[in-house]
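What follows is a short report on a single structure.
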Amino acid sequence: MNWQQLLNLIVARIKQVVGLYASVLIPMWGMFFLNEVALFGLWNIFGIVPRALDVGSMIGVFASWTMHGNFSHLIGNTVTLLQILFLFGLFEKNAYRTIIKLVIASGLVTWVIGSPSSIHIGASGLCFAMFGYMIGGALFARRWGYLIACIVMGTGYWLTIKQGLMPQPGVSFAAHFGGLCAGLLLGATSKHHYTSVSRHQ
């Protein structure tokens, strides 16, 4: 890879980072204020209700990451996503497709393992799924960029990750643990295949 190709790659990945910010954060913030101003909080009733087969819970599997209980909940997830989406945009070739997979996989696992009669909202399940994806990619798929990302995120978020994986009132352990497991599995199978180029003498 020459300098021009490297520069083009960097520019493309920076554009991907900006696109990820727009694709994830704008719906999160937009739905929060729409819910507060126009929907009277009704959007949040479509969170994930474990093993419920009604339409509302199925919506939650795909869209619970856009639902937040209050402004501090939204801010906390936004701060985490600003950092992890940046790393994802730099290191993931098909980041949009991967995010969609992680949203669905983490939502489904939460739906399966969550406590009965509970409701799960917020983007923290997606955050943990992305953590898991990076760890799985680094450990099992030998994606060294994600090893760097894991070190960076792990250093700053070790306590947050540890607390998020401890059952406690008001915190969705199922979404955190389910997201982490879903991400690990997808990350472990994300190894890139490179085409070898033979040189002719």
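Here the closest non-hydrogen pair linking Ala123 and Met28 is CB-SD, 4.0 Å. Nearest heavy atom pair, residue Ala174 against residue Gly114, reads CB-CA, 3.6 Å. When every heavy atom of Ala95 is checked against every heavy atom of Leu20, the shortest pair comes out as CB-CD1, 3.8 Å. Minimum heavy-atom separation, Ser115 to His120: N-NE2, 4.4 Å. A pairwise comparison of heavy atoms in Val109 and Ala182 identifies CG2-CB, 4.1 Å as the closest pair. Taking all atoms of both residues into account, the shortest heavy-atom contact from Pro50 to Ser118 is CD-O, 3.2 Å.
Residues Ile59 and Val112 do not share a hydrophobic cluster, clusters being chains of Ile/Leu/Val/Met/Phe/Trp/Tyr side chains in contact below 4.5 Å. By the rule that hydrophobic residues join a cluster once side-chain heavy atoms approach within less than 4.5 Å of another member, Met67 and Ile48 end up as members of separate clusters.
Proximity of a side-chain donor or acceptor of Ser57 to a complementary backbone N or O of Asp54 within less than 3.5 Å is not detected. In terms of modelled atom types and a separation under 3.5 Å, the side chain of Thr110 and the main chain of Ser106 share a donor-acceptor contact. For the pair Glu92 (side chain) and Ile99 (backbone), a donor-acceptor distance under 3.5 Å is absent. Between the Thr189 side chain and the Leu186 main chain, a donor and an acceptor come within less than 3.5 Å of each other.
For OH of Tyr96, the number of neighbouring non-hydrogen atoms (other residues, nucleotides, ligands) closer than 6.0 Å is greater than 12. A 6.0 Å sphere centred on OH of Tyr21 holds more than 12 heavy atoms belonging to other residues, nucleotides or ligands.
Residue Trp43 is tested with Ile121, Leu34, Asn35 for a side chain to side chain contact (heavy atoms under 4.5 Å, CB included); the sole match is Asn35.
Ring pair Phe32/His68: centre-to-centre distance not below 6.0 Å.
Aromatic ring orientation, Phe131 versus Phe128: perpendicular (interplanar angle above 60°, classes split at 30° and 60°).
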